[in-house]
Undergrad: 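The structure that follows is given in the form of structure tokens.
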Amino acid sequence: MSRRSRRLAALCLAGVMLAVSACGGGSSESDDGTVELRFGWWGNNDRADATQKVIDTFQAKNPGITVKGSYTDFNSYFDRLATEVAAGRAPDVITLGGAYPREYGDRGALLDLSKVNLKMDKIGAAALDNGKFGGVQYGVPSGVNTIATVINPAVFEKAGVEVPDGDTWTWDDFERITKELAGKLPKGTFALADPTRTDMLDAYSRQRGEALYTADGKVAISAKTLVDWWTMTLELRDAGATPPASQTAELITQPAPEQSLMGRGLAAVQFDWSNQLTALTKAAGAPLKLIRVPGETGATQPGMWLQASQIYSINARSEHPEEAAKFVDFLVNSADAGKIILADRGIPANSDVREGIASVLGEEEKAQAEFIDDLTPKAGPPLVIGPAGSTDTPKILDRVNAEVLFDRQKPAEAAADFIQQVGTAIQQ
């Protein structure tokens, strides 16, 4: 979310505190008493199709409630949401993730879920905590996932390079393998896309006993860790293991799985969330597999963690909070919804739903579940969710990373710039 959008949201939310009537909720009620809810999420067409089936099933069971879904791609979603919140037109049920529940919860835009009838007893505490800040439960998790390495074995085989052992490979192994791939893959195919993203910086720094943020809301990642990261990624670029800077800049604007190098069958490796395996496999048209990120064995602490894949929250200005809660309850606690969504939004956070869908999971969904089960005893401590303002960090990182890849900043300059910009964003 841009700084301008956050200011607009803050202005509207200040108006909420003063009960300005212009900032109304997003639901409505028809003349026949039917309640209409709005539900916002991000995703591609496949997710939209599955979500509409869930909505249809919910409406069939609740004839007095209709749900109007609205979605866009990930890059556009949060800017649009900020505008909707500022204008008082946010959906009744809002999909969030990362620091966004805190960002909007702290500003009064999200409902305290203790005020509605929503069951959470079958959802693990670790996942629930991703939607709880300052003692207030602002959201419930759709499912559980983790950052992972996605591997295309066919690309490895074509290059004559052995697939790495996810339990033992190091960052040195990662560099060696990706550079070896670069020398053997055909033009236009890469070892991987540029790996610089906030979740990977979190994993990389956590392995060194750091993180992106401290528990009290300050920048925690060190300049040395950032310099080491960018030194590595520049070497990968120069070796042809990752695309040139111009192509990386283009790929950032194309976030859908089918637009990625992995989704187009043009990469051997991709760092991504485990719940993306199904969509990436479908797009690539080839079997893919999940392994742990490099460097987990022998690290100061494991960098990988388990977290809520997405969070469902309710608009504090919704005119129909109980009906919105009923829909959220269906999304997270119903086996009927679980059998439609499967693992697209992570492995179901509700233990009963997870058990209930086990027999209908496809190969990719089973692989995700097995990966999560295997990782659970090996995962590091819970992620420190960023403070208010940290939702600017991904865009700051994209800008600074571009400066590095286009050789306009040295790694040390970029590290100082990134730390300063993020520090400013989270202090506002």
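Only a predicted model underlies this, so the values are computations on that prediction, with no experimental measurement involved.
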Undergrad: Checking side chain to side chain contact (heavy atoms under 4.5 Å, CB included) between Pro243 and each of Leu266, Leu251, Leu236, which is the one that passes?
TA: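 Between Pro243 and the candidates, side chain to side chain contact (heavy atoms under 4.5 Å, CB included) is satisfied uniquely by Leu251.
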Undergrad: Tell me, with the steps shown, if Asp112 and Gln137 meet side-chain hydrogen bond (donor to acceptor under 3.5 Å, both in side chains).
TA: CA-CA 6 Å; Asp112 177 351; Gln137 194 75 48; over 6 Å; no
Undergrad: Could you give me the CA-CA distance, side-chain angles and deciding distance for Lys218 and Asp216, then say whether salt bridge (Lys or Arg N to Asp or Glu O under 4.0 Å) is met?
TA: CA-CA 6 Å; Lys218 296 181 175 62; Asp216 59 351; 3.3 Å; yes
Undergrad: Rounded to the nearest 0.5 Å, what's the gap from CD1 on Ile291 to CD1 on Ile151? Could you check?
TA: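 Output value for this atom pair is 4.0 Å.
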Undergrad: Quick one: which of Trp42, Tyr77, Phe78 gives a ring pair (Phe, Tyr, Trp, His ring centres under 6.0 Å) with Tyr100?
TA: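 Among Trp42, Tyr77, Phe78, the one that satisfies the ring pair (Phe, Tyr, Trp, His ring centres under 6.0 Å) with Tyr100 is Phe78.
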Undergrad: Once you round to the nearest 0.5 Å, how far does CD of Gln409 lie from CG of Asp417?
TA: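 Answer for the CD-CG pair, Gln409 versus Asp417, is 4.5 Å.
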Undergrad: Indicate yes or no for a side-chain donor-acceptor contact from Arg197 to the backbone of Phe271 under 3.5 Å, with no hydrogens or angles considered.
TA: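 Judged by distance alone, yes, a pair lies under 3.5 Å.
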Undergrad: Would Asn333 and Lys122 count as a side-chain hydrogen bond (donor to acceptor under 3.5 Å, both in side chains) if you check the C-alpha gap in whole Å, the side-chain angles of each, and the deciding distance to 0.1 Å?
TA: CA-CA 8 Å; Asn333 294 326; Lys122 294 294 184 179; over 6 Å; no
Undergrad: For Asp228 and Thr231, test the side chains for any donor-to-acceptor distance below 3.5 angstrom and give the result as yes or no.
TA: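 Looking only at side-chain atoms, Thr231 and Asp228 do not form any donor-acceptor pair under 3.5 Å.
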Undergrad: Please evaluate residues Arg317 and Asp92 with respect to the criterion salt bridge (Lys or Arg N to Asp or Glu O under 4.0 Å), reporting the C-alpha separation (whole Å), side-chain torsions for both, the decisive distance (0.1 Å), and the verdict.
TA: CA-CA 8 Å; Arg317 301 291 292 170; Asp92 299 275; over 6 Å; no
Undergrad: Rounded to the nearest 0.5 Å, what separation is found between the CD atom of Gln307 and the CG atom of Asn130?
TA: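 If I round to the nearest 0.5 Å, the distance is 5.5 Å.
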Undergrad: Side chain of Asp173, backbone of Thr170: donor and acceptor closer than 3.5 Å?
TA: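 The answer is yes, because a donor-acceptor pair under 3.5 Å joins these two groups.
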Undergrad: Tell me the closest heavy-atom pair linking Pro321 and Ile314, and the distance in Å.
TA: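 So the two residues come closest at O-CD1, 4.1 Å.
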Undergrad: For Glu365 and Gly362, indicate whether the former's side chain and the latter's backbone hold a donor-acceptor pair under 3.5 Å.
TA: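 Side chain of Glu365 to backbone of Gly362: a pair is present.
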Undergrad: Rounded to the nearest 0.5 Å, what separation is found between the CZ atom of Arg292 and the OG1 atom of Thr149?
TA: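 If I round to the nearest 0.5 Å, the distance is 10.0 Å.
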Undergrad: Distance alone, cut at 3.5 Å: any donor-acceptor contact between the side chains of Arg345 and Tyr312?
TA: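 Distance-only check passes for Arg345 and Tyr312.
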Undergrad: In sequence, state the C-alpha distance, the side-chain angles, and the governing distance for Thr253 and Gln259, and then conclude on side chain to side chain contact (heavy atoms under 4.5 Å, CB included).
TA: CA-CA 10 Å; Thr253 68; Gln259 296 171 315; over 6 Å; no
Undergrad: Measure the spacing between OG1 of Thr233 and CD of Glu175 and express it to the nearest 0.5 Å.
TA: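 Answer for the OG1-CD pair, Thr233 versus Glu175, is 9.5 Å.
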Undergrad: Hey, is CD on Glu355 packed in by over 12 heavy atoms from elsewhere, all under 6.0 Å?
TA: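 Check fails, neighbour count at 12 or below.
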Undergrad: Side chain of Asn275, backbone of Ala343: donor and acceptor closer than 3.5 Å?
TA: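 Side chain of Asn275 to backbone of Ala343, a donor-acceptor pair under 3.5 Å: no, none is there.
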Undergrad: Identify the two heavy atoms, one from Thr214 and one from Val219, that lie closest to each other, and give their separation to 0.1 Å.
TA: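 So the two residues come closest at CG2-O, 4.4 Å.
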Undergrad: Using a strict threshold of under 4.0 Å (side-chain N to carboxylate O), is an ion pair present between Glu370 and Lys366?
TA: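 Judged by the 4.0 Å cut-off on N to carboxylate O distance, Lys366 and Glu370 do not form a salt bridge.
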Undergrad: What is the minimum heavy-atom distance between Pro377 and Asp374, and which atoms define it?
TA: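 Closest approach of Pro377 to Asp374, heavy atoms only: CD-O, 3.4 Å.
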Undergrad: Dump the intermediate steps for ring pair (Phe, Tyr, Trp, His ring centres under 6.0 Å) on Phe133 and Tyr138, then the final yes or no.
TA: CA-CA 7 Å; Phe133 300 96; Tyr138 289 120; 7.1 Å; no
Undergrad: What's the shortest heavy-atom distance between Val54 and Phe330, and which atoms?
TA: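 In terms of heavy atoms, the two residues are closest at O-CE2, 3.7 Å.
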Undergrad: Thinking salt bridges, do Glu84 and Arg38 make one under a 4.0 Å N-O criterion?
TA: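 A salt bridge links Glu84 with Arg38.
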Undergrad: Check the pair Val293, Met304 against side chain to side chain contact (heavy atoms under 4.5 Å, CB included), reporting the backbone distance first and the verdict last.
TA: CA-CA 8 Å; Val293 302; Met304 295 176 68; 3.6 Å; yes
Undergrad: If you count heavy atoms of other groups shown closer than 6.0 angstrom to NZ of Lys184, is the number above 12?
TA: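 Counting other residues, nucleotides and ligands, NZ of Lys184 exceeds 12 neighbours.
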Undergrad: Ignoring hydrogens and geometry, is there a side-chain-to-backbone donor-acceptor pair from Gln270 to Gly263 under 3.5 Å?
TA: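 Side chain of Gln270 to backbone of Gly263, a donor-acceptor pair under 3.5 Å: no, none is there.
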Undergrad: Aromatic rings Phe418 and Trp230: how do their planes relate, parallel, tilted or perpendicular, breaks at 30° and 60°?
TA: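 Geometry flag for Trp230 against Phe418: perpendicular rings.
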Undergrad: Looking only at side-chain N and O atoms, does Ser142 offer a donor or acceptor that is under 3.5 Å from a partner on Ser309?
TA: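 Checked: Ser309/Ser142 side chains pair up, N/O donor to acceptor below 3.5 Å.
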Undergrad: Distance only, no hydrogens: is a donor on one side chain within 3.5 Å (strictly under) of an acceptor on the other, for Thr196 and Trp229?
TA: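 Looking only at side-chain atoms, Trp229 and Thr196 do form a donor-acceptor pair, the distance falling under 3.5 Å.
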Undergrad: Taking it one step at a time, do Ile385 and Tyr213 satisfy side chain to side chain contact (heavy atoms under 4.5 Å, CB included)?
TA: CA-CA 7 Å; Ile385 302 296; Tyr213 311 102; over 6 Å; no
Undergrad: I'd like to know if the side chain of Arg399 pairs up with that of Gln421 as donor and acceptor (distance under 3.5 Å, no hydrogens or angles considered).
TA: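 On atom types as modelled, these side chains qualify, holding a pair under 3.5 Å.
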Undergrad: Counting only heavy atoms from other residues, nucleotides and ligands, does the tally under 6.0 Å from CD of Glu157 exceed 12?
TA: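 No, because the 6.0 Å sphere around CD of Glu157 holds 12 heavy atoms or fewer from other groups.
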Undergrad: For atom NZ of Lys282, is the number of surrounding heavy atoms from other residues, nucleotides or ligands below 6.0 Å larger than 12?
TA: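 Atom NZ in Lys282 is not crowded, with 12 or fewer foreign heavy atoms closer than 6.0 Å.
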Undergrad: Donor-acceptor pair, Asn44 side chain versus Ala256 backbone, under 3.5 Å?
TA: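 No; zero donor-acceptor contacts below 3.5 Å.
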Undergrad: Under a plain distance cut-off of 3.5 Å, with no hydrogens placed, do Asp73 and Ser76 share a side-chain donor-acceptor pair?
TA: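 A donor-acceptor contact under 3.5 Å links the two side chains.
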Undergrad: Which heavy-atom pair separates Thr95 from Gln310 by the least distance, and what is that distance?
TA: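 Smallest heavy-atom distance, with atoms named: CG2-OE1, 3.3 Å.
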Undergrad: If I take atom OG1 from residue Thr178 and atom CG from residue Leu185, how far apart are they, to the nearest 0.5 angstrom?
TA: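 So the OG1 of Thr178 and the CG of Leu185 are separated by 10.5 Å.
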Undergrad: Which pair of heavy atoms, one from Asp329 and one from Lys119, lies closest together, and at what distance?
TA: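 Distance-wise, the nearest heavy atoms are OD1-N, 3.4 Å.
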Undergrad: Check the pair Glu296, Trp169 against side chain to side chain contact (heavy atoms under 4.5 Å, CB included), reporting the backbone distance first and the verdict last.
TA: CA-CA 8 Å; Glu296 288 290 276; Trp169 71 327; over 6 Å; no
Undergrad: Distance only, no hydrogens: is a donor on one side chain within 3.5 Å (strictly under) of an acceptor on the other, for Ser390 and Glu103?
TA: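 No, Glu103 and Ser390 have no side-chain donor paired with an acceptor closer than 3.5 Å.
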Undergrad: Would you mind checking if Asp167 and Lys378 are paired as a salt bridge, meaning a charged N to carboxylate O distance below 4.0 Å?
TA: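 Answer for the salt bridge query: yes.
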Undergrad: According to the interplanar angle, ranging from 0 to 90°, do the rings of Tyr204 and Trp171 count as parallel (below 30°), tilted (30 to 60°) or perpendicular (above 60°)?
TA: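 Rings of Tyr204 and Trp171: perpendicular, as their planes differ by over 60°.
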Undergrad: Do the side-chain N and O atoms of Thr278 and Thr281 include a donor-acceptor pair separated by under 3.5 angstrom?
TA: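 Side chains of Thr278 and Thr281: no pair found under 3.5 Å.
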Undergrad: Could you tell me whether Lys53 atom NZ has more than 12 heavy atoms of other residues or ligands within 6.0 Å of it?
TA: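 Check fails, neighbour count at 12 or below.
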Undergrad: Are side-chain N/O atoms of Asp194 and Thr248 paired as donor and acceptor at under 3.5 Å?
TA: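 There is no such pair between these side chains.
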Undergrad: Does Leu405 offer a backbone N or O that forms a donor-acceptor pair with the side chain of Arg237 under 3.5 Å?
TA: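 Yes.
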Undergrad: Sub-3.5 Å donor-acceptor pair from the side chain of Glu323 to the main-chain atoms of Leu37, do we have one?
TA: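 No; judged by distance alone, with no hydrogens or angles, the pair does not exist.
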Undergrad: Looking at Asp79 and Lys395, is any side-chain nitrogen of the basic one under 4.0 Å from a carboxylate oxygen of the acidic one?
TA: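 A salt bridge is present here (some side-chain N lies under 4.0 Å from a carboxylate O).
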Undergrad: Answer yes or no: does atom CG of Asn117 have more than 12 heavy-atom neighbours from other residues, nucleotides or ligands under 6.0 Å?
TA: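 No, because the 6.0 Å sphere around CG of Asn117 holds 12 heavy atoms or fewer from other groups.
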